[in-house]
There are 2 protein chains.
Amino acid sequence: MQKPMELIDPKICRNTAAIFRALGDASRLQLLALLAKREMCVTELTEQLNDNLPAISQRLKLLRAERLVKTRREGKHIYYSLADNHIALLIENGLAHGSEADDSVCSNQETGET
Amino acid sequence: MQKPMELIDPKICRNTAAIFRALGDASRLQLLALLAKREMCVTELTEQLNDNLPAISQRLKLLRAERLVKTRREGKHIYYSLADNHIALLIENGLAHGSEADDSVCSNQETGET
DNA sequence: TGCTCATTCAATCAACCAATCAAGTGATTG
DNA sequence: CAATCACTTGATTGGTTGATTGAATGAGCA
């Protein structure tokens with residue numbers, strides 16, 4: 001056996017993996033990309049994403065648990081935004097890579113454009 | 001309803017999410033971090049990570065399917081390495097964020113250190 | 001204070017995921 | 001060409017995850 005190499009601290013590893021896992025879903029990613037532009041409340045997100053409200057609330061709950069988004073209450077509305085700029089960078093970075101990746105991974109080729 | 005905002009192309013979104021999902025596991029992340037240093041064959045990875053061989057092979061299969069790693073055969077050995085530098089950057093970036101994150105997320109505090 | 005709107009929470013269920021083990025493949029060596 | 005080494009594959013199985021529904025909460029307004 002070769003000399004053992006330095007491994008990453010397991011705690012950090014789990015932490016980081018949790019962040020990546022939270023980013024690892026198309027619906028959540030779309031949601032985050034929207035929040036990267038500006039803060040929004042659940043209702044507006046629901047309309048923008050054309051999805052049902054509890055589902056989005058559920059996703060936001062998960063993202064909040066992983067501290068990827070933060071909230072701000074204003075009267076009746078609760079506004080969501082990205083927790084910090086680091087996250088925005090990570091998303092941007094990932095999307096850049098995801099864009100240039102080949103399309104042979106996806107079997108369906110709907111454009112989704114209006 | 002406010003004016004609809006530009007959503008990300010669903011195909012790109014799924015693609016990116018798939019990459020993040022592949023990164024979203026502590027074992028795989030540790031594996032990738034090791035490969036970020038230098039290419040290695042399965043046997044060596046098994047020793048370095050102190051895990052069983054089929055498990056690691058299985059993880060590599062998944063990572064290969066998502067094109068995060070690439071292989072190079074040399075005689076009996078198959079050497080694995082990161083698919084491209086973009087991936088290395090993404091991992092580095094994520095780990096940086098994962099390191100500075102608080103530890104209250106994890107409920108168990110085993111160190112896992114030998 | 002009671003009503004309503006915006007949103008969250010809790011529980012259930014289906015789908016997906018990853019670990020494991022045994023068997024298979026493909027390249028080198030005698 | 002048969003054996004061995006290095007690794008992959010396939011099937012199973014237990015554990016996680018996410019969607020859904022309906023009830024609950026909390027702020028503002030009459």
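Every chain is numbered from 1, with letters handed out A, B, ... down the list of sequences. None of the values given here were measured: they were computed from a predicted structure.
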Determine whether Leu29(B) and Leu7(A) fall in the same hydrophobic cluster, where Ile, Leu, Val, Met, Phe, Trp and Tyr are linked whenever their side-chain heavy atoms lie under 4.5 Å apart. yes

Proximity to the side chain of Arg28(B) - top-ranked nucleotide from dA18(C), dA22(C), dT8(C): dA18(C)

Protein-nucleotide distance (Lys61(A), atom NZ; dA6(C), atom P), rounded to Å: 21 Å

In whole Å, I'd like the distance from the CG atom of Asp25(A) to the P atom of dT16(D). 19 Å

Pairwise 5' ranking along DNA chain D for Arg59(A) and Glu74(A), keeping only the more 5' one: Arg59(A)

Quick one: does Gln58(A) reach the base of dT8(C) with a side-chain donor-acceptor pair under 3.5 Å? no

Atom CZ of Arg21(A) to atom C1' of dA18(C): distance rounded to whole Å? 12 Å

To the nearest Å, how far apart are His77(A) NE2 and dC29(D) P? 11 Å

Go through dT8(C), dA18(C), dT8(D) for me and flag the one nearest to the Leu53(A) side chain. dT8(C)

Does the distance from a Lys or Arg side-chain N to an Asp or Glu carboxylate O, for Asp51(B) and Arg59(B), drop under 4.0 Å? yes

Same cluster or not: are Leu53(A) and Leu62(A) linked, directly or through other Ile, Leu, Val, Met, Phe, Trp or Tyr residues, by side-chain heavy atoms under 4.5 angstrom apart? no

OP1 or OP2 of dT9(D) under 4.0 Å from side-chain N/O of Arg64(B): yes

Just the rounded figure in Å: distance from C1' of dA6(D) to CG of Asn52(B). 15 Å

When all nucleic acid strands are considered with a 4.0 Å heavy-atom cut-off, which category describes Tyr80(B): base, sugar-phosphate, or nothing? sugar-phosphate

Atom pair distance, as rounded to whole Å: NZ in Lys76(B) and P in dT8(D): 15 Å

Ion pair check, Glu66(A) and Arg64(A), cut-off under 4.0 Å: no

Whether Lys70(B) and Glu39(B) form a salt bridge (side-chain N of Lys/Arg under 4.0 Å from carboxylate O of Asp/Glu) is what I want to check. no

Roughly, in whole Å, what's the span from CD1 in Ile78(A) to P in dT8(C)? 5 Å

Once you round it to whole Å, what is the distance between C1' of dC5(C) and CD of Glu44(A)? 17 Å

